[in-house]
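Read the structure below first, then the notes.
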Amino acid sequence: MKKILALAMAAAMALSLAACGGNGGSASSNKGGASASTPGSASGSQGSSSSQPSGGADISVYTNAYFAPFEYYDGTDIVGVDVDVMNMVGEKLGRKVVYTNVEFGTIIDTVSAGKLADVGAAGITITDSRKELVDFSDPYFTSVQYVIYPAGSMTPDGTDGDVSYILWDSLASKKIGVQADTTGDIYVDMEINAADGDDYDLGRDGMLLNSGAEETRYDSAQLAADAVGAGQVDVVVVDYLPASYIVEKNSGFECAALYYAAGVDGAEAPFPTEEQYAICVTKGQDELLAAINGVLADLGEDGVNDLVMKHMGME
């Protein structure tokens, strides 16, 4: 899956050097659809796919539609990479797919309960604690955490090929905004609060412990970016593609990859804060899980990458 990340990064840079390099001027929001705090739903038909069969019970998918390019609003429709994948699953099974926009932090528990949602598709990272509650598909995308910051306010600590990176140490004493319950939140919480021996799914045992860094949680990454523009936080930590999307759509921001320093865990060189995405289902939904894995296998790395490029406007 690293191939997908590398291709996505290369295409993003080719599209616009400003994507993580800033556009100048002041920060401005560019959001579509309902507000992040207002749940909404959209049919799996998604307009041009209205011929999608519905031979069985609807597949109920919970998502958070503020995580472009994986899910986002196009007018009143929820679209994105995960939506395309799940629509293919619906076609494969002859079932209609219905999407509901909810707060990200409710998705795993709701899918685990198996009453309101069968599937969670929202750029969800596989963690050990989440695997106790739901079954995950095969991973389909490897992502890296990124730092969004006001243009000119930070200087990257180095480069890894064509990728500029900021080390965790450079976030000491900063006010850090995150989208609540995402892996950005988990990582930042871990690095600020965890001492040696604390049991976390992700992170490296308190890189920012006692550094003066503070974390603030928001309902979406865009709201966290808005808080940077308002001077409420200094930076945002969020996954690479959403970070690139936000910087491209909002002026006055730059972003860079978030890396651990050489020497951490014995590493000889700085390395990225990395994770894998998958789609989750209610435990016991074996037919549905097999169909999702079948679609992902049919797409392969190139097919998933094509979907990413499409929803980043890079076809």
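Note that this is a predicted model, so its numbers are computed, not measured. Residue numbers count from 1 along this sequence.
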Quiz item: In Å, rounded to the nearest 0.5 Å, how long is the span from CG of Leu116 to CG of Asp109?
Solution: 12.0 Å
Quiz item: Does the side chain to side chain contact (heavy atoms under 4.5 Å, CB included) test come out yes or no for Leu241 and Phe141, once each step is laid out?
Solution: CA-CA 11 Å; Leu241 288 178; Phe141 194 85; 3.5 Å; yes
Self-check item: Audit row: Val235, Tyr146, side chain to side chain contact (heavy atoms under 4.5 Å, CB included) steps and yes/no
Solution: CA-CA 10 Å; Val235 300; Tyr146 260 60; over 6 Å; no
Self-check item: Residue pair Arg217 / Ala180: nearest heavy atoms and the distance that separates them
Solution: CB-CB, 3.9 Å
Exercise. Using distance alone, with no hydrogens and no angle criterion, decide if Tyr245 and Asp239 have a side-chain donor and acceptor under 3.5 Å apart.
Key: no
Quiz item: Using a distance-only test with no angle check, is there a side-chain donor-acceptor pair under 3.5 angstrom linking Glu275 and Thr125?
Solution: yes
Quiz prompt | Asn193 and Glu215 side chains, donor-acceptor separation under 3.5 Å | solution = no
Self-check item: Arg95 side chain to Ala57 backbone, donor-acceptor under 3.5 Å
Solution: yes
Self-check item: Heavy-atom donor-acceptor pair, Glu71 side chain to Gly123 backbone, under 3.5 Å
Solution: yes
Quiz item: Do the non-hydrogen side-chain atoms of Met88 and Asp298 ever get within less than 4.5 Å of each other?
Solution: no
Practice problem: List the steps and the verdict of side chain to side chain contact (heavy atoms under 4.5 Å, CB included) for Tyr187 and Val237. | Solution: CA-CA 9 Å; Tyr187 273 116; Val237 171; 5.7 Å; no
Self-check item: Exercise: identify the closest heavy-atom pair between Val97 and Gly90
Solution: CG2-CA, 3.7 Å
Quiz item: Distance-only, no hydrogens or angles: does the Ser173 side chain make a donor-acceptor pair with backbone N or O of Gly212 under 3.5 Å?
Solution: no
Self-check item: Phe67 ring center near Phe104 ring center (under 6.0 Å)
Solution: no
Quiz item: With no hydrogens and no angle check, do the side chains of Asp226 and Gln222 hold a donor and an acceptor under 3.5 Å apart?
Solution: yes
Practice problem: Look only at the side chain of Ser112 and the backbone of Leu133, and say whether a donor-acceptor pair between them is shorter than 3.5 Å. | Solution: yes
Quiz item: Can you tell me if Asn101 uses its side chain to pair, donor with acceptor, with the backbone of Ala65 under 3.5 Å?
Solution: yes
Quiz item: So, Asp82 and Tyr99: side-chain donor and acceptor under 3.5 Å apart, yes or no?
Solution: no
Quiz item: Donor-acceptor pair, Ser211 side chain versus Ala213 backbone, under 3.5 Å?
Solution: yes
Quiz prompt | Asp234 CG to Ile176 CD1 distance, which is reported to the nearest 0.5 Å | solution = 8.5 Å
Self-check item: Note, Val102 side chain near Thr110 side chain (heavy atom, < 4.5 Å)
Solution: no
Self-check item: Tyr165: partners by ring-ring contact (aromatic ring centres under 6.0 Å, His included), with sequence neighbours left out
Solution: Tyr259
Exercise. May I ask you to decide if Asp185's main-chain N or O and Asp189's side chain share a donor-acceptor pair within less than 3.5 Å?
Key: no
Quiz: residues 278-290 side-chain donor-acceptor pairs under 3.5 angstrom, not counting sequence neighbours:
unit_1, atom_1, unit_2, atom_2, d
Thr282, OG1, Val111, O, 2.7
Thr282, OG1, Ala117, O, 3.4
Lys283, NZ, Lys131, O, 3.1
Lys283, NZ, Asp135, OD1, 3.1
Gln285, NE2, Asp118, OD1, 3.4

Quiz item: Backbone N or O of Leu167 within a donor-acceptor pair of the Asp157 side chain at under 3.5 Å?
Solution: yes
Quiz item: Who passes side-chain contact (heavy atoms from CB on, under 4.5 Å) against Ala224, sequence neighbours left out?
Solution: Tyr218, Val236
